[in-house]
Amino acid sequence: MKNRYTIILSLIVLLTLFSSCGSSSSSDNGKVLCSGDILFPFQEKDDGDWGFIDFEGNEVISPEFKERPSLAKNGIFLVQHNKKNKTYFQFYRVSDNKAKEIGDRWDKAHMFSDGLAAVVQENKYIQFINEEMKVAFTLDKIETAGNFQDGMVRVQNSEGEWGFANKEGKVVIKAEYDDVSDFADGKAVVKQMKGEDNDKTPNFYIIDKKGEKLLDLKDKYSDVKNATEGYFKVQETHDNDIEYGFIDIEGEKIIKPKNYQAVTIVHNGHFSYQQDG
């Protein structure tokens, strides 16, 4: 039976990998990881065990994990273990070049984002824990939750409608949308399907953290995503052709839709894409 309470696994794009606390190697014996440090999982050969290296390629944790870990952020990482036909999630903390189990074992878990991680036990409500492994709050009557981004997390109720909760666990934007994006730069994209049952079209809005509609795009685009830095990625569909472009908060086209592929978010005023393979 499918677990009633699920957690969305979303892709986190790491835009900044450098920290501001010195240049000494994190592989030095006993070095405390600085806030913002990132460690990368590696394996020396196919099907080998996994360990961690730092940004300079120095080995910090020797290979010891059968399953691939997450990135280690602020010295914490997550592993999905598969043992004796049972799957569970376990957090670890890096200390003195060793990985130590911390907190409980969970049926489902996210890695930390904005200092909080979503966890759940079977047939229980979703909880968010802090980096000390203490429960920050429980999301009652919420079926699905994403990752915290920009101080907000998208949540879905039992009717399949989406809204947002804040870091106190309070639903501050009512779950009434068919789909929502994560918040970025204080803004999110939400979608409502309108029309008759057999002829519904997606209507998109850009909202702020109070739930106020800043821009009504109606059914002008077939899809809209938050692209960060004040830009929004829009999709136009013509017959079987899909084109992507970017608009600003005023709805003005900054880049007219073209036949781009694999379009990324905007970072430092740039985006990347694939074209013709």
Side-chain angles (χ1 to χ4, degrees), residues 8 10-16 113-114 144-157 159-167 170-276:
I8 303 169
S10 61
L11 176 64
I12 299 177
V13 180
L14 292 172
L15 299 179
T16 305
S113 179
D114 265 11
T144 309
N147 288 314
F148 267 96
Q149 302 289 339
D150 202 17
M152 303 280 274
V153 61
R154 53 198 176 104
V155 296
Q156 185 185 43
N157 62 21
E159 284 74 43
E161 298 170 320
W162 290 89
F164 292 90
N166 62 16
K167 283 195 169 183
K170 181 180 179 181
V171 177
V172 291
I173 297 178
K174 181 181 177 182
E176 59 181 356
Y177 298 104
D178 292 288
D179 197 10
V180 296
S181 75
D182 287 322
F183 264 91
D185 306 316
K187 303 175 185 65
V189 178
V190 297
K191 179 176 75 173
Q192 284 183 322
M193 300 299 294
K194 294 187 176 182
E196 300 298 328
D197 290 342
N198 296 326
D199 191 29
K200 286 190 174 183
T201 57
N203 283 242
F204 293 92
Y205 308 90
I206 298 172
I207 64 171
D208 62 17
K209 289 186 176 181
K210 295 180 179 179
E212 298 292 332
K213 293 177 180 177
L214 305 177
L215 179 63
D216 182 354
L217 292 168
K218 297 183 171 57
D219 60 353
K220 187 174 182 179
Y221 300 104
S222 55
D223 197 17
V224 182
K225 301 292 185 185
N226 199 332
T228 74
E229 299 188 8
Y231 300 101
F232 302 88
K233 184 171 67 176
V234 296
Q235 174 182 309
E236 291 184 355
T237 304
H238 307 285
D239 297 325
N240 294 324
D241 294 329
I242 298 177
E243 297 181 336
Y244 296 96
F246 290 90
I247 63 172
D248 61 16
I249 189 58
E250 303 297 329
E252 296 296 325
K253 291 182 179 179
I254 305 302
I255 296 179
K256 294 182 179 180
K258 300 178 182 178
N259 61 335
Y260 297 125
Q261 300 167 355
V263 182
T264 67
I265 62 173
V266 177
H267 181 51
N268 285 342
H270 295 75
F271 72 97
S272 62
Y273 66 94
Q274 181 183 11
Q275 196 169 38
D276 299 329

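We number each residue from 1, following the sequence as shown.
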- Ion pair Asp150/Lys209, N-O distance below 4.0 Å: yes
- Taking atom CG of Asn203 and atom CG of Leu217, what is their separation to the nearest 0.5 Å? 9.5 Å
- Message: Return the CE to CG distance between Met152 and Asn147, rounded to the nearest 0.5 Å.
- Response: 14.5 Å
- Mark yes or no for whether Asn226, through its side chain, and Ser181, through its backbone, hold a donor-acceptor pair below 3.5 Å. no
- Steps toward side chain to side chain contact (heavy atoms under 4.5 Å, CB included) verdict (Lys225, Val189): CA-CA 6 Å; Lys225 301 292 185 185; Val189 178; 5.9 Å; no
- Would you verify whether the NZ or CZ of Lys233 falls within 45 degrees of the ring axis of Phe246 while also being under 6.0 Å from that six-membered ring's centre? no
- Message: Can you give me the closest heavy-atom contact between Ala184 and Thr228, atom names plus distance?
- Response: CB-CG2, 4.0 Å
- Show your reasoning for whether side chain to side chain contact (heavy atoms under 4.5 Å, CB included) applies to Tyr231 and Phe271. CA-CA 11 Å; Tyr231 300 101; Phe271 72 97; over 6 Å; no
- Go through the steps to decide whether Lys191 and Asp223 satisfy the test salt bridge (charged side-chain N to carboxylate O under 4.0 Å, His left out), and finish with yes or no. CA-CA 9 Å; Lys191 179 176 75 173; Asp223 197 17; 5.7 Å; no
- Query: Out of curiosity, Ile173 CD1 to Arg154 CZ, how far, rounded to the nearest 0.5 Å?
  - Reply: 13.5 Å
- Test side chain to side chain contact (heavy atoms under 4.5 Å, CB included) on Asp179 and Val190 and set out the steps. CA-CA 6 Å; Asp179 197 10; Val190 297; over 6 Å; no
- Message: For the NE2 atom on His270, are there more than 12 heavy atoms of other groups (residues, nucleotides or ligands in this structure) within a distance under 6.0 Å?
- Response: no
- Mark yes or no for whether Ser272, through its side chain, and Thr264, through its backbone, hold a donor-acceptor pair below 3.5 Å. no
- Task: Can you measure from CD (Glu196) to OG1 (Thr201) and round to the nearest 0.5 angstrom?
- Result: 11.0 Å
- Message: Please tell me whether Phe204 and Tyr221 form a close aromatic pair, meaning their ring centres lie under 6.0 Å apart.
- Response: no
- Determine, step by step, whether Phe148 and Asn166 satisfy the side chain to side chain contact (heavy atoms under 4.5 Å, CB included) criterion, reporting the C-alpha distance in whole Å, the side-chain angles of both residues, the deciding distance to 0.1 Å, and the verdict. CA-CA 8 Å; Phe148 267 96; Asn166 62 16; 5.6 Å; no
- Message: As an exercise, state the distance from NZ of Lys200 to CD of Gln192, rounded to the nearest 0.5 Å.
- Response: 10.5 Å
- Task: Identify the heavy atoms of Leu215 and Asp248 that sit nearest to each other, and give their distance.
- Result: CD2-O, 4.1 Å
- Do you know the tightest heavy-atom contact between Val234 and Pro257? CG2-CG, 4.4 Å
- Task: Scan side-chain atoms only and decide if Ser113 and Gln149 contain a donor-acceptor pair under the 3.5 Å cut-off.
- Result: yes
- Message: For Asp216 and Lys218: C-alpha separation, side-chain torsions, deciding distance, then whether salt bridge (charged side-chain N to carboxylate O under 4.0 Å, His left out) applies.
- Response: CA-CA 6 Å; Asp216 182 354; Lys218 297 183 171 57; 3.6 Å; yes
- Message: Is the shortest side-chain heavy-atom distance between His238 and Glu243 below 4.5 Å?
- Response: yes
- Would you say the side-chain atoms of Ser222 pair up with the backbone N or O of Gln235, donor to acceptor, closer than 3.5 Å? yes
- Message: Which heavy atom of Ala145 sits nearest to which heavy atom of Val155, and what is that distance?
- Response: CB-CG1, 4.3 Å
- Item | Lys/Arg N to Asp/Glu carboxylate O, Lys253 vs Glu236, below 4.0 Å | yes
- Query: Looking only at atom types and distance, does a side-chain atom of Lys174 sit under 3.5 Å from a main-chain N or O of Trp162, one as donor and one as acceptor?
  - Reply: no
- Task: Give a yes or no answer on whether the side chain of Glu229 reaches the backbone of Asn268 with a donor-acceptor pair at less than 3.5 Å.
- Result: yes
- Between Asp208 and Lys187, is there a salt bridge with N-O shorter than 4.0 Å? no
- Message: Using 0.5 Å steps for rounding, measure from the CG atom of Asn157 to the CD atom of Glu176.
- Response: 10.5 Å
